[in-house]
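Just follow the structure's listing: the first ligand is 1, and inside any ligand the first atom is 1. For the single chain, residues carry numbers from 1 onward in sequence order.
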Amino acid sequence: MKNISNIPLSGKRVLIRVDFNVPLDECFNIIDDSRIQAALPTIKKVMQDGGRSIIMSHLGRPKKGFEKRFSLKHIAKHLSDLLEISVGFSRDCVGKNTRVDINNMKNGDVLVLENLRFYPQEELGDSAFAKQLAKLADVYVNDAFGVAHRAHASTSIIANYFPNKKYFGILLNREITSLKTALEKPKRPFTAIIGGAKITGKIDVITSLFDKVDALIVGGGMAYTFARAMGGNIGNSLVEKDKVELAKSLIAIAKRKGVQLLLPTDSVNADAFNNSANIQNSEITNVPAGFMGLDIGAESITQFSKAILDSKTIIWNGPMGVFEMENFSNGTKKIGAAICKATENGAFSLVGGGDSVAAVKQFGFADKVSYISTGGGAMLEYLKGKELPGVVAIED
Ligand code: 3PG
Ligand code: MG
């Protein structure tokens with residue numbers, strides 16, 4: 001891989017695409033700065049070399065040009081605190097004023113550009129816009145794994161204008177290396193844990209993982225569609241009625257391919273979707289009328305934990321239940337704990353996806369897994385076996 005690590009960047013204007021799409025509260029305080037922290041090694045490398053870091057990112061999904069709540073200004077301030085230098089901010093990401101801001105930079109300086117998505121051309125992958133961005137710098141670095149699955153102007157098209165001067169940032173390089181460790185020559189047994197509310201976004205991932213893993217654990221809301229497929233009663237649990245047949249066929253495919261498909265056998269149920277609802281436990285195929293399943297039960301936890309502890313490679317995307325509510329967090333917490341234990345015993349574990357990463361942090365497991373990805377959608381695309389436009393653009 002064309003990695004930035006060994007490239008001398010003294011005096012160079014280095015345009016770094018990062019993914020600073022971080023959650024903010026209504027006062028623009030950053031709720032979770034992991035993605036910013038994760039980009040620091042690349043920025044520090046450019047600073048130490050005496051290069052000029054020009055940082056570009058999107059934030060949110062603005063649709064009508066400038067909107068204060070999507071301004072990267074709030075992020076630039078935080079980056080100043082993290083780097084302990086005064087980070088500059090340019091009110092635009094292209095055009096004359098931005099060029100002036102860049103001309104005023106000194107070696108080692110860092111400048112954050114305004115949100116790329118204030119221009120619709122960004123998401124459209126517009127070549128003229130990409131060219132305008134490219135004019136700002138001598139070198140292009142992509143360190144934005146979280147958005148590497150998008151073929152946008154700043155993530156992919158722009159690379160055309162830096163034929164011999166495009167590199168992977170340190171973060172993007174680590175992300176891909178971690179995914180390759182898990183997927184290319186995994187130490188076996190290899191177990192994938194897929195959770196979350198819906199099957200819909202994850203069918204292709206599940207199907208593709210059947211060709212790679214020894215065991216696949218399914219939890220979260222999507223497990224109830226499988227329970228229905230097995231002819232169970234699931235009360236008011238979440239179900240994708242149009243996916244029941246598909247769930248049936250996934251069970252059959254797993255069998256044919258010799259993959260151990262582990263579905264929850266029991267369920268923690270509530271009579272309302274809140275933490276103070278009445279709770280009861282049942283088999284997952286016997287959820288009483290008036291109740292909905294919100295977490296995996298004790299027997300499932302035991303069964304899943306055993307498979308996890310036997311594994312040498314583990315990937316996890318999606319929680320086991322509604323972990324945001326204390327009473328339905330046990331499944332996610334115990335599965336997280338099993339992954340930590342397996343890691344301690346020598347397994348390689350990779351966690352991705354906004355919810356699972358939030359859970360890992362909430363339960364204090366962040367230092368106990370092998371790698372936490374900054375990507376959700378991008379990781380899923382990679383797991384499907386798809387090429388990521390942001391990665392291909394540098395490799396080409
Ligand atoms: C994300 O958080 O999913 C990435 O930053 C990409 O953002 P997007 O889903 O709006 O393209
Ligand atoms: Mg997304």
Side-chain angles (χ1 to χ4, degrees), residues 16-25 28 30-40 42-43 55-67 69-72 74-76 78-79 93 112-126 129-130 133 141-158 168-169 171-172 174-176 178-179 194-198 200-205 316-319 350-361 372-384 386-393:
I16 312 172
R17 177 51 155 112
V18 294
D19 185 347
F20 283 176
N21 186 25
V22 294
L24 301 173
D25 68 16
F28 309 115
I30 298 167
I31 296 165
D32 178 356
D33 73 347
S34 316
R35 282 179 163 176
I36 305 175
Q37 298 270 7
L40 295 179
T42 295
I43 302 169
I55 313 283
M56 57 174 178
S57 179
H58 72 289
L59 174 62
R61 292 178 173 173
K63 288 292 172 241
K64 40 183 193 244
F66 178 85
E67 275 180 79
R69 66 190 170 121
F70 294 125
S71 175
L72 275 161
H74 318 291
I75 314 275
H78 187 67
L79 188 60
C93 60
V112 173
L113 306 185
E114 185 53 289
N115 194 341
L116 293 157
R117 290 191 184 173
F118 288 160
Y119 288 86
Q121 295 96 309
E122 161 65 358
E123 288 181 74
L124 292 169
D126 182 81
F129 180 65
L133 289 168
V141 175
N142 190 355
D143 211 19
F145 178 69
V147 70
H149 57 316
R150 312 269 184 231
H152 292 173
S154 69
T155 60
S156 150
I157 315 304
I158 191 172
F168 291 107
L171 171 65
L172 183 49
R174 278 183 68 202
E175 294 272 6
I176 300 297
S178 303
L179 281 162
I194 302 291
K198 292 181 175 169
T200 305
K202 300 204 171 152
I203 305 158
D204 296 345
V205 179
W316 183 22
N317 189 305
L350 169 60
V351 185
D355 288 336
S356 346
V357 172
V360 159
K361 287 185 182 155
I372 298 181
S373 177
T374 55
M379 177 184 176
L380 289 175
E381 287 302 299
Y382 194 95
L383 294 179
K384 284 180 201 166
K386 297 237 172 86
E387 292 198 312
L388 303 178
V391 173
V392 176

**Student:** Look at Arg150 together with Glu122 and state whether they make a salt bridge at an N to O cut-off of under 4.0 Å.
**Tutor:** no

**Student:** Is any N or O atom of Arg150, backbone or side chain, closer than 3.5 Å to an N or O atom of ligand 1?
**Tutor:** yes

**Student:** Below 4.0 angstrom from a heavy atom of Asn21, which ligand 1 atoms are there? Numbered from 1 as shown, please.
**Tutor:** 1 (C), 2 (O), 4 (C), 5 (O), 7 (O)

**Student:** Could you list the residues that satisfy salt bridge (charged side-chain N to carboxylate O under 4.0 Å, His left out) with Asp32, not counting sequence neighbours?
**Tutor:** Lys361

**Student:** Within the 4.0 Å heavy-atom shell around Asp19, which atoms of ligand 1 are there?
**Tutor:** 4 (C), 5 (O)

**Student:** List every atom of ligand 1 that sits less than 4.0 Å from any heavy atom of Arg117, numbering the atoms from 1 in the order shown and giving each element.
**Tutor:** 7 (O), 8 (P), 10 (O), 11 (O)

**Student:** Look at atom NZ of Lys64 and say whether more than 12 heavy atoms of other residues, nucleotides or ligands are closer to it than 6.0 Å.
**Tutor:**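 Open: at most 12 neighbouring heavy atoms sit under 6.0 Å from NZ of Lys64.
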
**Student:** Under the side-chain contact (heavy atoms from CB on, under 4.5 Å) test, which residues partner His58, sequence neighbours left out?
**Tutor:** Arg17, Asp19, Asn21, Asn115, Arg117, Val147

**Student:** Of all the non-hydrogen atoms in the protein, which one sits nearest to atom 7 (O) of ligand 1, and at what distance?
**Tutor:** His58 NE2, 3.3 Å

**Student:** So, taking the atom named CZ in Phe118 and the one named CG in Leu72, what distance separates them when rounded to the nearest 0.5 Å?
**Tutor:**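 Answer for the CZ-CG pair, Phe118 versus Leu72, is 7.5 Å.
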
**Student:** So, 4.0 Å and heavy atoms of Gly377: is ligand 1 close enough to count as a contact?
**Tutor:** no

**Student:** For Thr374, is there any backbone N or O sitting under 3.5 Å from a side-chain donor or acceptor partner on Glu175?
**Tutor:** yes

**Student:** Which residue from Arg35, His149, Arg61, Glu123 reaches closest to atom 10 (O) of ligand 1 through any of its heavy atoms?
**Tutor:**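 Comparing heavy atoms across Arg35, His149, Arg61, Glu123, the nearest one to atom 10 (O) of ligand 1 lies in Arg61.
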
